[in-house]
Amino acid sequence: MKNRDKATLLFVIVLLLLACQIATAQQRDTVVVNADLGTVKISKYIYGQFMEDLGRGIYGGVWVGPNSDIPNIDGMRKDVINALKEIDVPDVRWPGGCFADQYNWKDGIGPRKDRPKRINMWGNVIDDNAFGTHEFLEFCKLIGAEPYLAGNVGSGTVREMKQWVEYLTYPGDSKLADMRKQDGHPKPYHIKFWGVGNESWGCGGNMTPEFYADQYKRYTTYLHNYGGNHLFKIASGPSDYNYHWTKVMMQDVGQRMNGLSLHYYTIAGPSWGNKGPSTDFSEKLYFDALKKAEKMDEIVSHHSSIMDQYDPQKHVALVVDEWGIWTDPLPGSHPGFLYQQNSMRDALIASTTLDIFNKHAARVRMANIAQMVNVLQAMILTKGKQMVLTPTYYVFKMYKVHHDATYLPINIRSADYKLDGDSLKAISATASKDSTGKIHLTISNIDPHKKQTVVIDWRGINLHAVHNGEVLTAGSFDDVNTFDNPDNVKLKSFDGASLKNGKLTIEMPSKSIVSLELE
Ligand code: AHR
């Protein structure tokens with residue numbers, strides 16, 4: 001070969017090598033965590049649950065009654081209680097949902113045999129009210145969660161709601177406090193979170209925001225703080241993109257409320273009538289669900305910016321007390337019971353949505369996934385004596401490290417996950433610092449086909465060790481846990497992370513969520 005040809009060949013090789021390097025560099029996701037700039041606490045209540053008197057959410061899922069042969073504590077399933085204790089549930093919202101605005105609390109107190117049977121609009125079934133106020137508060141105590149009671153505005157009265165608060169919290173000798181004592185609870189309960197109606201724009205009374213704002217003021221005038229109890233009052237807020245509702249509430253009610261609720265559900269399919277299945281779905285439905293879930297960022301940002309105009313100090317919390325994926329019910333199940341499976345896709349919806357809430361933690365100080373057991377995006381499914389933990393359950397387990405930790409601002413330059421000419425960012429993450437100084441990272445790769453190499457630069461801290469790696473992933477994005485195969489999708493230990501010169505490199509499997517602890 002002539003010298004000139006040799007030089008040309010060398011030049012081509014160098015060019016090819018350079019091109020390869022650029023291509024590899026582009027496939028890498030680069031993340032910067034500002035470990036010294038954290039000022040906002042991630043409220044543990046972002047990891048709250050919602051339990052409605054709906055379908056098998058309570059009856060069968062939590063409550064089996066004291067005479068059941070399913071092991072129970074005072075009628076409540078032991079297996080479910082133990083599983084929930086493992087994820088440190090901070091609060092549980094009850095009794096609804098839409099059910100809250102049809103519920104009279106007096107139906108659920110006193111001897112169970114004397115409680116009235118009522119029609120539950122969910123599935124038109126008879127409800128014997130065996131699970132009432134005391135059962136709920138006992139359940140919260142057993143799992144170590146704060147109760148969040150939702151009062152009835154739609155079909156109830158101011159007097160009913162006022163009396164419920166008095167019954168629960170009055171330390172003296174009023175008639176209602178004496179009733180509570182007779183019902184087996186001499187001491188007043190400590191009740192913090194109190195919802196004033198639910199979806200008052202719809203199932204909670206079809207009100208305008210102006211009318212509801214006046215109702216809120218009327219109801220809360222009579223909700224007293226007795227003894228040392230202090231109610232944190234949460235107003236019924238908007239759904240989705242209803243920014244007008246937020247504006248009116250901030251203008252007319254402002255700091256008379258401690259929280260404003262927001263509901264947003266992820267619907268993978270084209271409409272509420274065709275939400276798509278929870279099993280055996282296409283990649284298109286996988287992609288569309290994650291895309292719809294990502295809208296939470298825009299929705300929360302917009303409601304927050306309206307709230308900022310009226311409340312720049314952020315006294316009023318945005319409480320996303322219903323969220324999650326809502327699919328068509330499982331074939332063969334009662335359509336009103338909202339029973340669906342829960343896949344690896346849904347775990348990724350949970351992780352990426354929690355990342356959004358964490359990012360907005362200055363304003364979003366509570367969120368309650370819908371719903372805890374056997375309904376919608378559940379943590380737990382039950383069938384008779386059997387219990388299955390869902391992929392979403394494991395996300396809540398991984399993310400408990402962020403409860404009340406300081407949010408560390410994070411910048412992510414992520415590769416795209418593309419489908420049919422549309423794209424989503426593949427990587428989403430949360431970094432936080434806990435009260436002992438440990439740093440925690442949870443990171444998701446939603447791309448169902450491609451692994452990602454993520455390089456994380458930690459500004460403002462010298463890290464020397466990475467521990468306790470765990471990963472949640474699956475063979476396919478629609479993999480689920482069933483009663484026959486309960487461990488199909490579960491947490492495994494992860495050794496794909498390495499730390500060199502303060503930079504953390506993570507080899508993320510496709511469709512995976514990884515958690516790491518750093519020092
Ligand atoms: O979570 C199911 C229902 O969805 C709730 O009852 C209601 O608030 C919402 O529309």
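We count ligands from 1, going down the list as the structure has it; atoms in each ligand are counted the same way. Count residues from 1 along the sequence.
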Decide whether a cation-pi geometry holds between Arg93 and Phe50; the criteria are a distance under 6.0 Å from NZ or CZ to the six-membered ring centre and an angle within 45° of the ring axis. yes
Taking the six-membered ring of Tyr339 as reference, does the NZ or CZ atom of Arg56 fall below 6.0 Å from its centre and within a 45° cone about the axis? yes
Closest non-hydrogen protein atom to [atom], residue and atom name please, with distance?
atom: atom 9 (C) of ligand 1; value: Glu322 OE1, 3.0 Å
atom: atom 10 (O) of ligand 1; value: Glu199 OE1, 2.8 Å
atom: atom 1 (O) of ligand 1; value: Tyr265 OH, 2.8 Å

Asn342 and its side-chain hydrogen bond (donor to acceptor under 3.5 Å, both in side chains) partner, picked from Thr392, Thr327, Asn481: Thr392
Take the angle between the ring planes of [X] and [Y] and call it parallel below 30°, perpendicular above 60°, tilted in between.
X: His185; Y: Tyr189; answer: parallel
X: His303; Y: Tyr243; answer: tilted
X: Tyr399; Y: Tyr47; answer: tilted

Would you check the N or O atoms of Cys98, main chain and side chain alike, for any that come under 3.5 Å of an N or O of ligand 1? yes
Side chain, backbone, both or neither: Trp323 near ligand 1, heavy atoms under 4.0 Å: neither
Show me the side-chain donor-acceptor pairs of residues 136-148 shorter than 3.5 Å, one per line, residues at least two apart or across chains.
unit_1, atom_1, unit_2, atom_2, d
Tyr148, OH, Asp321, OD2, 2.6

Would you say the side chains of His360 and Ser304 form a donor-acceptor pair under 3.5 Å? no
Short list, please: which atoms of ligand 1 are under 4.0 Å from a heavy atom of [X]?
X: Leu376; result: 1 (O), 2 (C)
X: Phe50; result: 1 (O)
X: Asn198; result: 8 (O)
X: Gln371; result: 1 (O), 2 (C)
X: Gly97; result: 5 (C), 6 (O), 8 (O)

Test item, Phe99 contacting ligand 1 (heavy atom, 4.0 angstrom): no
